[in-house]
Amino acid sequence: MEKLERSLLEPVGEVNFQSSKRTWDSVLKKIQLKVESFFLVKGYLLLLVGFLLGRALILSTLAPFSLPFFAAVFLIKRDRSPLALVGLVAGAATVSLKNAAFTFLVSIFFLVIYRISERWIKNEMRMIPFFVAIILGTGKLAEAFIISKQLTLYDAMMVGVQTSLSFILTLIFLQSIPLLILNKRRQLLKTEEIVCLIIMLASIMTGTIGWKIYDLSVEHIMSRYLVLVFSFIAGATVGSTVGVVTGLIFSLASVSSFFHMSLLAFSGVLGGLLKEGKKIGVAVGLFIATLLIGMYGQEGGSGSLTITLLESAAAILLFLLTPQIFTSKLAKYIPGTPEYTSEQQKYMRKMRDVTAQRVAQFSNVFHALSNSFSQMETKPSDKEDEREMDYFMSHVTEKTCNTCFKKEQCWAKNFNTTYGYLEEIIHEMDQNEGVVSPKLSREWDKHCTRSKRVYEAVGQELTFYQANQKLKKQVQESRKLVADQLLGVSEVMDNFAKEIQRERENHHKQEEQIMESIQAFGVHVEHVEIYSLESGNVDIEMSVPFCNGHGECEKLIAPMLSDILGEQIIVTSEECAAYPNGFCHVVFRSSKAYTVETGMAHAAMDGGFVSGDSYSTMELGLGKFAIAISDGMGNGERAHYESKETLQLLQKILQSGIEERVAIKSVNSILSLRTTDEIFSTLDLAMIDLQNASAKFLKIGSTPSFIKRGNKVIKIQASNLPIGMLEEFEVDVVSEQLKAGDLLIMMSDGIFEGPKHVENYDLWMKRKIQELQTDDPQEISDLILEEVIRSRDNLIGDDMTIAVAKIKHNTPKWASIPVTKIKKRA
């Protein structure tokens, strides 16, 4: 007894709900695949649709659906057209044998005409609707003549109606049939395609007119089910459209169904408005619409309210039993739905990822090329040195020793002595520009009878040897330079790929907080769109009511945003409304912490018009400001061209995002390889970060620069040869932290070395800068230029250029207004 109780109380086993759920999902998946295979792959869906369309009538007499459907199936999926024809004939036979015979005959007639005209038809899609309209119109005309032996105006009107309907239905079926039978479709639907699909579904449902289940009309249940599905998926707009179109087609098929158009349209609107309540909300919308319109229909004698409510209940039951997977899959193709938007974003994300991947691949290619070029040649080993020496001596002895009578004695009996002497001669001539020491010369003269010829041969071979070594060195340096340039391009492309993959963050919470804060202050804002809240890179768009040009965005909203976000925000663009009741669209972005005010002064040699100096100020991306001065060698047009070309190349390379050192090396390589003339340029470059005022100075053969901070003058200098003089050189970078109020003074050698009878140019320039009584950049540049010219008795002995920059805090016109702060990161 105890064993029995223990066996009853102990658990039999653990129930694995997860595995049972997976099993149920796999069963549903198998059923779905089998249903899709039966209806879509094998084409039996066309048989079912053909059967219903074969039964469908318009105005109780016209059958315009059969031939357009058959023609569309024949054109789109020809191998399944026999199934469609069987379904059409079978459906028409349920109405009358006359309809079945008419459907079969016009289909055969269509095939005959198509085969005859197939050779000269160029565009089948364009000609098929005309064929269908002509065949159906002719068939209807012949039918009316055979039955009544005469043609009346009513017959002519019915022929015209059937012809028009068949033409339009052919176009609709050509658009909508692919949506039913092509299960691998991935394109998103257009609005026209959705309307065509709705018309086709409503036309198919007209084939169910007259079917009843326990006195409930199948067409009413299916039409309301269709409205429920589209209202739930796409909302009130599409739901009401489906209701109107479906109700209109049902009313054309049967006049008794006319009041149902109001029911379907109203239920589509209510169901769409209540879609936030999920399926229950949409079902409640249909129930309310059925109750209201049903009471109206009962008063008009159009049917029983109980039957109408039961039909709606059956439609609601079908709707509730519809799996979520079906509605979600259909929603992906309807514009305006979240699933449609998600599908579009998925497509855009995929395109973005593909683009970023391609850019990253190019970056990897350039990086691999850079690694390949950067593998510098190793230093020659001792064996390679011996081999080169052997080749060198073989060339020398070939010209001198081969015809000498003492060859056997020198190279056979005294090989080591001869080899050692010749090796010393080669080294000394290489080191001393072809000159041999007197001691070695006397010893060699005693040893060799053709010493002078040997010296000449060694000298000739040394020329070729040195040229070869120089060429090897140039190739090695060029490889290193190309490696640096390729690495720079690789880094730029890699950063670009990362920028592409960076998604826009969702800032819904911050948008609401900003809107509440601004509106709590009394300023009305209609819409806030945040694209970025990254420090120093804030990007916000707003829609505000028409301000009538009072500048509310600049005076109120921008200062409030500055206090909310904790950094300076300014208005970068503003589009005012064209009429008083409209909205202004404003873009707010981060302001830079510092600004740079510049002043330039220059003069050409002897007062000429063309100066060999060039200067430029560049606003680069990422909040950087660059000032550059280049001095071409000499004066005149050629020097001006060289300096201008240097700055233009530098500006384009810097704007591409390549690092400063690589940019300058690239410019140097271009200028050094472009011409064999000894044309050089100096470059004085200052890169200022407008967020923290840090500066980098790159001086290539240029004169010192000076920073004036109060009464203190700081000298900035570096030792680099001019651009184009050497194929390879290291760029020295001098970094300095600037402050608000600092004056940066850059100049060419015409200014720095211009003062006459001055021994120490540094002290003279520092003293002149300290004595300045103004902080205006333009006035300073003019004063220093004038002082240098006056010191030379008003003569301009060289091209003179001076650039002065003043670092200032970027203070907005309107101060920030304190409001509630928000967090930048949710």
Side-chain angles (χ1 to χ4, degrees), residues 598-608 611-617 626-636 639-640 642-644 646-647 664 680-686 695-709 712-723 725 731-734 736 738 742-772 774 777-806:
T598 59
M600 300 285 180
H602 61 92
M605 181 177 177
D606 298 328
S611 172
D613 296 348
S614 295
Y615 60 89
S616 176
T617 58
I627 306 170
I629 297 177
S630 179
D631 181 5
M633 190 185 76
N635 311 99
H640 174 74
E642 292 296 329
S643 61
K644 183 180 178 182
T646 300
L647 291 186
I664 290 177
F680 314 125
S681 297
T682 67
L683 178 63
D684 194 357
L685 175 65
K696 291 181 181 179
F697 297 92
L698 296 91
K699 294 183 168 294
I700 315 298
S702 60
T703 58
S705 299
F706 298 91
I707 299 173
K708 185 175 187 295
R709 185 174 296 161
K712 184 180 179 182
V713 178
I714 304 170
K715 178 183 175 183
I716 306 294
Q717 66 178 357
S719 56
N720 289 316
L721 292 173
I723 279 184
M725 183 170 288
V731 179
D732 293 336
V733 179
V734 179
E736 188 70 30
L738 302 180
D742 286 356
L743 291 169
L744 172 61
I745 302 168
M746 302 166 60
M747 63 195 74
S748 65
D749 58 351
I751 293 286
F752 184 72
E753 301 174 358
K756 195 175 181 181
H757 307 303
V758 173
E759 294 182 1
N760 194 324
Y761 297 114
D762 287 350
L763 291 177
W764 188 89
M765 188 58 67
K766 284 184 177 180
R767 181 168 57 84
K768 291 299 178 183
I769 293 174
Q770 283 178 337
E771 293 174 353
L772 291 170
T774 178
Q778 189 59 51
E779 291 181 4
I780 292 173
S781 58
D782 292 337
L783 286 172
I784 294 178
L785 177 64
E786 183 181 359
E787 189 70 26
V788 173
I789 295 175
R790 287 183 182 276
S791 70
R792 299 187 60 87
D793 300 329
N794 295 328
L795 296 177
I796 304 175
D798 193 4
D799 298 323
M800 299 181 180
T801 301
I802 181 170
V804 181
K806 183 179 181 181

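Residues: numbered from 1 along the sequence shown.
At distances below 3.5 Å, at least one donor-acceptor pair connects side-chain atoms of K699 with backbone N or O atoms of T703. Checking side-chain atoms of H602 against main-chain N and O of M800 turns up no donor-acceptor pair under 3.5 Å. The closest donor-acceptor contact from the side chain of S791 to the backbone of V788 lies under 3.5 Å.
Put simply, CG on L795 and CG on D606 are 8.0 Å apart, with the number rounded to the nearest 0.5 Å. Note that OH of Y615 and CD1 of I629 are 9.5 Å apart. Values are rounded to the nearest 0.5 Å. Going from atom CD1 of I745 over to atom NZ of K766 covers 12.0 Å, rounded to the nearest 0.5 Å. With rounding to the nearest 0.5 angstrom, the CD1 atom of I802 is 12.0 Å from the CG atom of D613. The line from CD1 of I714 to CG of L743 is 11.5 Å long, rounded to the nearest 0.5 Å. Taken to the nearest 0.5 Å, the CG atom of L783 stands 10.5 Å off from the NZ atom of K768.
Looking at every heavy atom in both residues, M746 comes nearest to A686 through SD-CB, 3.8 Å. Across all their heavy atoms, L683 and S702 have their closest contact at O-OG, 3.5 Å. Considering all non-hydrogen atoms of both residues, A601 and S781 come closest at CB-O, 3.7 Å. Shortest non-hydrogen contact noted between A626 and L685 is CB-CD1, 4.2 Å. In terms of heavy-atom proximity, E736 sits nearest to I716 at OE1-CD1, 4.0 Å. Closest heavy-atom contact between D684 and S705: OD2-OG, 3.2 Å.
Scored by the side-chain hydrogen bond (donor to acceptor under 3.5 Å, both in side chains) test, K806 finds D775 as partners (sequence neighbours excluded). Under the side-chain contact (heavy atoms from CB on, under 4.5 Å) criterion, D793 pairs with K756, not counting sequence neighbours. With sequence neighbours excluded, no residue forms a ring-ring contact (aromatic ring centres under 6.0 Å, His included) with F697. In this view, K696 satisfies the side-chain hydrogen bond (donor to acceptor under 3.5 Å, both in side chains) rule with no residue, not counting sequence neighbours. For the side-chain hydrogen bond (donor to acceptor under 3.5 Å, both in side chains) test, no residue two or more places apart in sequence or in another chain qualifies with E753. Scored by the side-chain hydrogen bond (donor to acceptor under 3.5 Å, both in side chains) test, D742 finds R709 as partners (sequence neighbours excluded).
For the residue pair K715 and Q717, a side-chain donor N or O sits within less than 3.5 Å of a side-chain acceptor on the partner. Between S748 and D631, the side chains place no donor N or O within less than 3.5 Å of an acceptor N or O (distance only, hydrogens not considered). Under 3.5 Å, the side chains of S614 and S643 contain a donor-acceptor pair of N or O atoms.
Looking only at side-chain heavy atoms (C-beta outward), T598 and I627 come within less than 4.5 Å of each other. Here the side chains of L785 and E787 are not in contact, with every heavy-atom distance at 4.5 Å or above.
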- request: Show your working on side-chain contact (heavy atoms from CB on, under 4.5 Å) between M765 and I751 and close with a plain yes or no.
  value: CA-CA 9 Å; M765 188 58 67; I751 293 286; 4.0 Å; yes
- request: For side-chain contact (heavy atoms from CB on, under 4.5 Å), just list the numbers for D798 and D749, CA-CA rounded to whole Å, side-chain angles, deciding distance to a tenth of an Å, and then say yes or no.
  value: CA-CA 8 Å; D798 193 4; D749 58 351; 3.7 Å; yes
- prompt: How far apart are the C-alpha atoms of F752 and F706, what are their side-chain angles, what is the distance that settles it, and do they pass the side-chain contact (heavy atoms from CB on, under 4.5 Å) test?
  reply: CA-CA 11 Å; F752 184 72; F706 298 91; 3.9 Å; yes
message: I'd like to know whether T774 forms a side-chain contact (heavy atoms from CB on, under 4.5 Å) with I780, so could you lay out the CA-CA distance, the side-chain angles of the two residues, the decisive distance to 0.1 Å, and finally the verdict.
response: CA-CA 7 Å; T774 178; I780 292 173; 3.9 Å; yes
